[in-house]
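Quantities reported herein were computed from a predicted structural model and do not represent experimental measurements. Every chain is numbered from 1, with letters handed out A, B, ... down the list of sequences.
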Amino acid sequence: MNKLHTEVFGITLKNPITVGSGTYGFGENYKEFYSPTELGAITVKGMTMLPREGNSGTRGAETPGGMLNCVGLQNPGIDVFIKDYLPKLKNEGNIVFANIAGKDIEEFVEMAIKLENSQVDLIELNLSCPNVKEGGIAFGTSGEMVGLITRKVKEVTGKPVVVKLTPNVTDIVSIAVAAEQNGADGLTLINTLLGMAIDVDTGNPILGNVFGGLSGPAIKPVALKMVYQVYKHVKIPIIGMGGIVNERDALEFFMAGASMIGVGTGNFIDPMCPLKIKEGLERYLDIKGIGKITEIVGLAHRGGLTDGK
Amino acid sequence: MELKGLVKSNEFLTSQRDVFQLRIELNREFEFKPGQFINVYCPNKVLPRPISIADKEGNIITLLVRIVGEGTDFLSKTKIGDRVKVIGPLGKGFNTSHGMDKKVAIIGGGIGVAPLLGLRKANFKDAKYYLGFNSEGILVEEFKKVYPTTITYLTEDTTVLEAFEESLKTEVYNFVYACGPEGMLKKLQDILQKNKIPGELSVEKKMACGVGGCLICTCETTKGKKRVCKEGPVFDSQEVLFSE
Ligand SMILES: Cc1cc2nc3c(=O)[nH]c(=O)nc-3n(C[C@H](O)[C@H](O)[C@H](O)COP(=O)(O)OP(=O)(O)OC[C@H]3O[C@@H](n4cnc5c(N)ncnc54)[C@H](O)[C@@H]3O)c2cc1C
Ligand SMILES: Cc1cc2nc3c(=O)[nH]c(=O)nc-3n(C[C@H](O)[C@H](O)[C@H](O)COP(=O)(O)O)c2cc1C
Ligand code: FES
């Protein structure tokens, strides 16, 4: 029996493990390490309507326990994805989550329509990319906007729609609730936290874009808290991510209330990371005598493991 | 490919003890092209460090590293028998077939000589090395002991590029392989263009994944942005667009 088997968003997954959008390309980079079909689902790089070159200058910097990036949504555009990448991914047997970032509501809707007629399994709305000047963050910080975009997208697609939220807000719960009330099938928590780094040898900011998104182990406590908080107030499933690099991190997110987890920066630290987490989770469930991964979702809200486990 | 490494030797090449040569035995055999690199993991650092493979004999690779921060400092302190985790080989190396049956110039600045050292085993008809260490203080004599080849060593008196340009008055090169600081490569690009000499350059960028997944390491090229870790680090000499 597969203890990691998960049914979520109306999709059957062999395990509840995906990757953070933008950390896995379109599934082509880690093939020499393992087959991407080993993952429950692949979440592809964030896409825009038109191709984007992304930001110039230095795009990454290491920080204590994490890293900053300001890639700026470099991608070939949604049409190229649908034509060139998606058929291959589907032929290989992958479940594909498409992450999209529109510059306005109309673009989100237009992209959702394009994906509606594609083989994509789920649409993730990136309302939170911190590295694009003309949008992203502005949508994600207003409950009203998040609700509106979610509703408009839901009107044009029958595919599950998951809303990815930014942690750069004062009250994530109200925004999560706005997404749920407007028809979101799920939430992804969290995107990167805004940060910066300065090179003291030159006195200049390291990143070409000055600010960037902080990810990796450094943000795990923040992400975990947000998943825990939001879980209390919504009924829709949560994809938890933020600093997950091993199975113990993943377990924390399941216990906080995530139904799926995503590995982002963990892929850069160890290309095998998602697979090692998968094996680690199986081991944990066996040792604890737990029949299914779904049993531990939200456990931290229910008084933890009962005696004997 | 994930590899387990065992430190075979580790020695400083400079009197200031800022550049060292590390030899690591890997647990598997693999194909290697000069110019390719590995990602080395350093404890307490989130991301691996890209380091060129300077040489390879069987399963033993040689790295030439300059200490600039915590990661490289850690590597400088590893001892014989220490374990290190490595992934690689990564990236596209130099295309040595460009230089076969031809006369090539191999031009390196500072620690940029590291990826060029593997080229000394290629079957070029004739090869001349222009390696400059300037104020970095790699002890030439020390270096010679480790790499006893036909290298032309240059010191502070003149820059490698000046020497190379001067030599063009009397010599004809069919191909150039180079690596060094960005400013040097940009100047070299101009010299090569002016003299219509084709070549390949290895460039450096901040990296995260090293395998093409994150898009952190992109550089500007005549054909749009390319990933240094995947499409590079070696590019056609006229392809890369340097900023200054
Ligand atoms: C493809 C490739 C091959 C390389 N090959 C070699 C090699 O053979 N030998 C060698 O000594 N170095 C090589 N480098 C550079 C090496 O990766 C960095 O020096 C190393 O990552 C620094 O790590 P650290 O933890 O010591 O320093 P950090 O603490 O990360 O940084 C210390 C200082 O060094 C600067 N720095 C960090 N990374 C780089 C970089 N990639 N380029 C320029 N400056 C940097 C930082 O901005 C900072 O000022 C290579 C880099 C690339 C991309
Ligand atoms: C290099 C990089 C690129 C990213 N690109 C995207 C993106 O295109 N779309 C998106 O929704 N999130 C993007 N993210 C955010 C991640 O998907 C993830 O939410 C975040 O990094 C937190 O998880 P982690 O700590 O495991 O990396 C990116 C993150 C990184 C590090
Ligand atoms: S370092 Fe990640 S794409 Fe090059």
Side-chain angles (χ1 to χ4, degrees), chain A residues 19-20 22-34 45-46 51-76 131 197 199 201 206-208 212 214-218 243 245 264-273 275-276, chain B residues 1-4 28 30-31 36 38-50 68-72 74 84-91 182 203-231 240-244:
Chain A
V19 286
T23 66
Y24 208 71
F26 295 102
E28 70 282 32
N29 299 301
Y30 296 91
K31 273 191 181 153
E32 58 181 293
F33 297 96
Y34 63 93
K45 173 70 194 162
R52 279 182 67 96
E53 280 270 295
N55 292 321
S56 302
T58 301
R59 290 171 159 203
E62 196 182 67
T63 61
M67 63 175 277
L68 292 161
N69 91 84
C70 60
V71 169
L73 280 179
Q74 179 179 340
N75 78 96
N131 300 320
D199 180 345
D201 289 326
I206 292 179
L207 297 178
L214 180 65
S215 64
V245 302
T265 304
N267 293 303
F268 310 157
I269 300 173
D270 181 352
M272 296 289 289
C273 183
L275 216 61
K276 288 179 180 169
Chain B
M1 182 160 48
E2 190 178 312
L3 299 161
K4 290 192 178 77
R28 275 204 261 169
F30 61 88
E31 292 287 315
Q36 285 189 301
I38 50 162
N39 261 356
V40 194
Y41 290 83
C42 308
N44 307 322
K45 292 275 110 184
V46 177
L47 300 170
R49 300 305 195 239
V68 299
E70 279 181 57
T72 45
F74 159 78
V84 282
K85 188 178 132 184
V86 160
I87 62 170
L90 303 170
E182 194 166 312
V203 304
E204 205 179 292
K205 277 279 172 189
K206 285 275 167 58
M207 293 187 174
C209 69
V211 302
C214 69
L215 303 180
I216 297 284
C217 68
T218 53
C219 68
E220 311 285 342
T221 77
T222 49
K223 298 178 199 104
K225 286 200 165 68
K226 288 193 176 178
R227 294 168 296 185
V228 170
C229 72
K230 199 75 185 174
E231 284 89 32
V240 183
L241 302 171
F242 296 107
S243 44
E244 314 103 55

Checking heavy atoms, do the side chain of B:M207, its backbone, both or neither come under 4.5 Å from chain A?
neither
Less than 4.5 Å to any heavy atom of chain B: does that hold for the side chain of A:Q74, its backbone, both, or neither?
both
Can you tell me which of B:I216, B:V211, B:I87 forms the most heavy-atom pairs within a distance under 4.5 Å of chain A?
B:I216
Is it the case that atom NZ in B:K4 sees more than 12 heavy atoms from other parts of the structure closer than 6.0 Å?
no
Checked A:I269, A:N29, A:V19, A:T23 vs chain B; the most non-hydrogen pairs under 4.5 Å come from A:N29
How many angstroms lie between CD1 in A:I206 and NZ in B:K206, if you round to the nearest 0.5 Å?
5.5 Å
Tell me, side chain or backbone of A:F26 under 4.5 Å from chain B's heavy atoms, or both, or neither?
neither
Gap between atom CD of A:E53 and atom CD of B:E220 - 0.5 Å precision:
6.5 Å
Relative to chain A, which of B:C209, B:G213, B:C219 shows the most heavy atom pairs under 4.5 Å?
B:G213
Can you tell which of A:P271, A:G27, A:G66 has the highest number of heavy-atom pairs within less than 4.5 Å of chain B?
A:G66
Check each atom of B:L215 against the heavy atoms of chain A and say whether the ones under 4.5 Å are side chain, backbone, both or neither.
both
Applying a strict 4.5 Å limit to non-hydrogen atoms, the region of A:Y24 in contact with chain B is backbone
Okay, B:K45 and chain A: the region with an atom under 4.5 Å from a heavy atom over there is both
Smallest heavy-atom separation, B:Y41 atom then A:F268 atom, equals OH-O, 4.2 Å
Ranked by heavy-atom pairs below 4.5 Å to chain A, first place among B:L47, B:N39, B:V46, B:N44 goes to B:V46
Residue, of A:G264, A:G57, A:G60, A:G25, that accumulates the most heavy atom pairs under 4.5 Å with chain B:
A:G60
What's the shortest heavy-atom distance between A:S56 and B:K225, and which atoms?
OG-NZ, 3.9 Å
Heavy-atom closest pair (B:M1 atom, A:E32 atom, distance to 0.1 Å) is N-OE1, 3.8 Å
